[in-house]
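Report on one structure; see the data block that follows.
Within every chain, numbering begins at 1; the chains are lettered A, B, ... in the order of the sequence lines, protein sequences first and strands thereafter. The model shown is predicted, which means the values in this text are computed figures rather than measured ones. As a basis for the values below, the full set of heavy atoms in this structure was taken, side chains included, without hydrogen atoms, waters or symmetry mates.
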Number of protein chains: 2
Amino acid sequence: MSVLLNPLDLPVNQDKILQSLIAENLVSDPDSARGRLLREAARLFRDKGYERTTVRDLAAAVGIQSGSLFHHFRTKEEILKAVMVETIRLNTAVMQAAMEAADSSRDKLRALVSAELESINGQTGEAMAVLVFEWRSLSEASQAEVLKLRDIYEALWLDVLSALKDEGALIADPFVVRRMLTGALSWTVTWYRPERGGLTREGLTDQVVAMLGLSQP
Amino acid sequence: MSVLLNPLDLPVNQDKILQSLIAENLVSDPDSARGRLLREAARLFRDKGYERTTVRDLAAAVGIQSGSLFHHFRTKEEILKAVMVETIRLNTAVMQAAMEAADSSRDKLRALVSAELESINGQTGEAMAVLVFEWRSLSEASQAEVLKLRDIYEALWLDVLSALKDEGALIADPFVVRRMLTGALSWTVTWYRPERGGLTREGLTDQVVAMLGLSQP
DNA sequence: CAATACCAAGCAAGCGCTTGGTTTGTAAAC
DNA sequence: GTTTACAAACCAAGCGCTTGCTTGGTATTG
């Protein structure tokens with residue numbers, strides 16, 4: 001319950017996780033040249049789509065010439081892959097921590113929903129949207145690579161949902177529920193605007209958890 | 001209840017609706033040159049994405065030269081728009097009929113969920129996937145046009161969900177629920193494979209309705 | 001002084017779309 | 001029942017432009 005004392009409803013320090021991932025060279029420092037490019041790339045890819053974003057757009061966004069991009073990345077697709085890979089790495093770590101901080105399965109699920117909503121609608125939102133909508137722009141080889149990382153991420157969800165099923169709190173199939181949740185939560189990028197007031201992220205989390213019939217213990 | 005006697009769980013004759021829409025020139029005859037092209041275009045756009053599909057691909061799919069396409073459509077984008085517009089027209093009509101065939105609000109919602117799952121995973125599935133994933137490839141002007149048609153479609157859902165809310169059967173906000181449902185149902189295109197056995201469309205509909213806590217009257 | 005980061009210029013390929021001309025379908029005119 | 005007329009459907013060729021990426025060279029940095 002102590003985790004809920006955090007005003008942002010974040011049970012873990014996202015920044016500390018980021019720092020350790022940077023130290024392990026698993027994600028780029030947002031202040032580095034590479035990190036800035038990936039952030040701008042995520043924004044452009046989300047706004048215009050991968051195909052409509054040219055290497056000249058990407059270069060201009062960080063103030064260099066288009067040819068200079070290829071000093072940092074071998075191909076344009078490698079940029080897309082890097083955006084996806086680093087985003088999954090970060091969010092997997094954040095979710096793992098959020099989940100471990102919770103005690104009951106019910107609280108763990110709530111933490112996962114809240115964290116996923118944060119990742120979709122917060123800082124990493126642009127990259128998450130890219131992950132959802134630009135999947136087909138990856139080569140099959142890259143898709144396979146990224147898929148491996150996603151499996152780790154998805155296993156977190158399935159563990160918790162399966163536990164809830166075993167405890168009798170969930171009637172439906174965990175796989176089906178997770179997939180419905182994936183769609184429902186991903187789709188929030190297209191309509192949910194917390195900055196415009198109205199529904200807070202915590203309120204949205206409540207609605208999702210309630211929709212699953214898990215609000216009352 | 002009589003509607004459920006239909007083995008396909010379709011409360012209305014989809015083919016008759018299609019015929020009347022063709023007669024009104026609101027959708028193209030699938031056997032016409034235009035109709036065939038739009039079907040192939042939907043398939044290609046879904047499989048490779050709009051940008052990666054060239055006019056040469058489109059032409060080859062129906063066995064003509066690329067230049068000949070522009071006898072039927074002024075631009076490539078017009079093809080994308082036509083796919084979307086005709087799909088929305090057909091599905092709006094099907095859903096309206098499915099809804100009107102049901103009596104209670106609960107049954108109406110079930111009919112809508114079932115019909116949307118059918119439109120996403122059945123004959124019009126390719127075009128529905130295009131509608132979801134290729135939205136940004138439309139020019140803003142075209143987006144506005146298509147949005148008007150979508151609003152009609154969405155009004156159907158909101159009417160039913162609002163009625164359920166008024167009846168006390170639904171606790172959450174109708175707008176939020178509809179949006180969650182949009183995401184959850186759209187996302188089924190990425191994983192739901194009814195032909196591989198397992199979950200039937202009716203079974204999936206049950207799970208969705210149950211997830212909303214509306215299974216028991 | 002070496003490695004890293006960048007620029008200026010441009011190439012080859014592929015893109016949407018245009019052009020001018022030919023075939024095909026249809027139906028009235030003789 | 002053949003001829004004439006004409007539009008719709010299509011082909012062959014290719015134009016102009018943009019694309020991802022390369023190349024050879026120049027700053028910058030530790």
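Rounded to whole angstrom, the span from the NZ atom of Lys76(B) across to the P atom of dC17(D) amounts to 19 Å. Here the C1' atom of nucleotide dT22(D) and the CZ atom of Phe73(A) are 18 Å apart, to the nearest Å. Here dG14(C) presents its P atom at 14 Å from CZ of Arg52(B), a figure rounded to the nearest Å. Between the CG atom of Asp57(A) and the C1' atom of dG20(D) there is a distance of 13 Å, given to the nearest Å. We find that CZ of Phe70(B) is positioned 17 Å from C1' of dG20(C), with the value rounded to whole Å. Regarding Leu69(B), its CG atom lies at a distance of 13 Å from the C1' atom of dC11(D), rounded to whole Å. Atom CD in Glu51(B) sits about 15 Å away from atom P in dT18(D), given to the nearest Å.
Between Leu26(B) atom CG and Leu21(B) atom CG the span is 5.5 Å, to the nearest 0.5 Å. To the nearest 0.5 angstrom, Ser186(B) atom OG is 6.5 Å from Met128(B) atom CE. Here Leu161(A) contributes atom CG and Leu181(A) contributes atom CG; the two are 6.5 Å apart, rounded to the nearest 0.5 Å.
Note on ring orientation: taking the six-membered ring where Trp is involved, the planes of Phe133(A) and Trp187(A) are tilted (angle from 30° to 60°).
For Glu78(B) and Lys81(B), the salt-bridge test fails: no basic side-chain N is under 4.0 Å from an acidic carboxylate O.
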Check nucleotides 6-9 of chain C for protein N or O atoms closer than 3.5 Å to its own N or O atoms and list the pairs.
residue: dC6(C); atom: OP2; partner: His72(A); partner atom: NE2; Å: 2.7
residue: dC7(C); atom: OP2; partner: Gln65(A); partner atom: N; Å: 2.6
residue: dC7(C); atom: OP2; partner: Ser68(A); partner atom: OG; Å: 3.0

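Donor-acceptor pairing under 3.5 Å, judged by distance alone, is present between the side chain of Arg56(A) and the base of dG20(D).
For Arg34(A) and Ser28(A), the side-chain atoms include at least one donor-acceptor pair closer than 3.5 Å.
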